[in-house]
Amino acid sequence: MINFTVLQTDVNDSLPTILVPKPNETTIIHIEVPKGVFLFLCILSLLENILVVVAIAKNHNLHSPMYYFICCLAASDMLVSISNLIETVILVLLSHAVIGYNEPMVKMMDNIVDTMILCSLVTSLSFLGAIAVDRYVTIFYALRYHNIITQRRVINAIAGIWLASTACSITFIVFSNSHVVIFCLIVFFIFMLVLMLGLYIHMFILARRHSQSISAQQKAKLRGAITLTILLGIFFLCWGPFFLHLTLIVSCPKHPFCLGYFKYFNISYVLIIFNSIIDPIIYAFRSQELRKTLRDIVFCSQ
C-alpha cells in the first residue's frame, strides 16, 4: 500500500499542500507558481465573493432559496481564498525569519488549510446539487413549489450541508493515509456529476419539447437553470484536474505518466482559485437584479 503524506518541502519554497503520494525512491519536482500570483488571485476572489454575499443580504428581491444557495456557494469559494491567504502569509513570515520554523505548527496549519479546501469542495458540490433540485422543482412543480421548498427546509438543508461537509473534510484529513477515503471522495464527485447532469438534461429536453407552450415566467426560471448549468460546467473544468490527481494517486502512484502529472499540482490549485473568481462574474452576468445591486454597492449609490 502506498503511504500518503503531506508534501514536505523547503521552508523557503512552500508550506505543505494537499495530499500527494510519497514515492519510495522518486523525487517529484513540482512546477512552482509565484506566491504573488496566488496572493493576487485570492484577494480578488475574496473581494468578489464578499460583494456577492453583501448584495444578496442587502437586496430583499434576492431573498429566495436559489440565491440563498448561491450565497453559500460564494461563502464556499471564500474558503479557498482564505486558506491560501493564510498559507501565503505564513510562508512570507517564515521566509523573512519573522517567525521560526516549527514542524508541529507547520503541520497543524497544513491540516487547517487542507480541511478548508476540502470543505470548499464538498460544500460547493452539495450547494450546486441543491440549486439543481431547486430549479427542477421550480420548473416541474411550479404550483407546489412553496409547499415543497419551504424556508425551514432550506435552512435545514444549508445547516446540514455545512455540518456534513466540515465533518467529511476533517475525516478526510484524519484518515488521509487510507485509499478508501480518497476513493469515497472520487465517488461523491462522480455521483454529484451524474445527479446534476441527469436533472439538467431532463429539464432541457422537456423545455425543448414544449418550447412553444412555455410561459414567460417559466422561461425566466429556465434561465436560472441555464445559469447553474454554466456554473456546473466551470466547476468541473476547474476542479477536474484535482480529481484526476486524486484518481492517479489511487490507481497508479508510481507510473511515469502519473509522476509526470503530479508535478502540475500547483497548476490545478490555480484552476481551483480561478473557479472562485469566475463564479461571481457568472452570477452578475446572468442576473440583472444582482448586477444592479453590485453596481450600487461598488459605486456607493442607493
Within-4.5 Å side-chain heavy-atom neighbours: Leu185 and Leu121: yes
Joint hydrophobic cluster, Val187 plus Leu244, side-chain heavy atoms closer than 4.5 Å: no
Least distance between heavy atoms, Ile273 atom then Ser276 atom: O-OG, 2.6 Å
Ala55 backbone acceptor or donor facing Asn59 side chain under 3.5 Å: no
Donor-acceptor contact below 3.5 Å, side chain Ser83 vs main chain Val80: yes
Separation of Ile272 CD1 from Asn84 CG (nearest 0.5 Å): 10.0 Å
Closest approach of Ile50 to Met78 (non-hydrogen atoms, all atoms of both residues): CG1-CE, 3.7 Å
Residues Leu125, Phe235; criterion side chain to side chain contact (heavy atoms under 4.5 Å, CB included); working and verdict: CA-CA 9 Å; Leu125 269 173; Phe235 178 87; 3.5 Å; yes
Proximity of Phe189 and Phe236 rings by center, below 6.0 Å: yes
Residue pair His146, Thr150: steps toward the side chain to side chain contact (heavy atoms under 4.5 Å, CB included) verdict: CA-CA 6 Å; His146 293 290; Thr150 63; over 6 Å; no
Spatial distance of atom OG (Ser124) from atom CG (Leu232) [nearest 0.5 Å]: 11.5 Å
Atom OH of Tyr136: over 12 foreign heavy atoms under 6.0 Å: yes
Step-by-step side chain to side chain contact (heavy atoms under 4.5 Å, CB included) determination, Leu73 to Ile131: CA-CA 10 Å; Leu73 263 181; Ile131 295 171; 3.8 Å; yes
Non-hydrogen side-chain atoms of Arg295 and Arg291 separated by less than 4.5 Å: yes
Distance in Å, Ser169 OG paired with Leu79 CG, rounded so as to fall on 0.5 Å steps: 9.0 Å
Phe40: side chain to side chain contact (heavy atoms under 4.5 Å, CB included) partners, not counting sequence neighbours: Leu44
Least distance between heavy atoms, Ala57 atom then His63 atom: O-NE2, 3.2 Å
Sub-4.5 Å side-chain heavy-atom contact between Met66 and Arg135: yes
Taking every non-hydrogen atom, the tightest pair across Asn147 and Arg153: O-NH1, 3.5 Å
Path from Ile190 to Leu199 over hydrophobic side-chain contacts below 4.5 Å: yes
Pairs of donor and acceptor atoms involving the side chains of residues 158-168, under 3.5 Å and at least two apart or interchain, shall be tabulated with distances.
from	atom 1	to	atom 2	distance (Å)
Ser165	OG	Ile161	O	2.7
Thr166	OG1	Trp162	O	2.8

Residues, nucleotides or ligands: over 12 heavy atoms within 6.0 Å of Glu289 CD: yes
Plane angle bin for His245 and Phe242 - parallel if under 30°, tilted between 30 and 60°, otherwise perpendicular: parallel
Side chains of Phe243 and Leu248 in contact at under 4.5 Å (non-hydrogen atoms): no
Joint cluster assignment, Phe175 & Phe183, ILVMFWY side-chain distance < 4.5 Å: no
Smallest separation among heavy atoms of Met196 and Ala132, with atom names: CG-CB, 4.0 Å
Cluster link Leu246 to Val181, ILVMFWY, side chain under 4.5 Å: yes
Non-neighbouring partners of Val137 that pass side chain to side chain contact (heavy atoms under 4.5 Å, CB included), sequence neighbours left out: Val133, Tyr141, Tyr145, Ile148, Ile149
Hydrophobic cluster identity match, Ile230 and Ile277, side-chain contacts under 4.5 Å: yes
Backbone of Met116 reached by a side-chain donor or acceptor of Ser120 within 3.5 Å: no
Reported CG-to-CD1 distance for the pair Leu51 and Ile56, which is rounded to 0.5 angstrom: 11.0 Å
Heavy-atom closest contact (Leu294 atom, Val52 atom, distance): CD2-N, 4.1 Å
Sub-4.5 Å side-chain heavy-atom contact between Ile155 and Gln151: yes
Flag side-chain contact, heavy atom, 4.5 Å: Phe172 against Cys119: no
Tyr67 and Ser64, any side-chain heavy atoms less than 4.5 Å apart: yes
Distance (rounded to the nearest 0.5 Å) between Ser76 OG and Leu128 CG: 8.5 Å
Pairwise distance CZ(Phe127) to SG(Cys72) - rounded to 0.5 angstrom: 4.0 Å
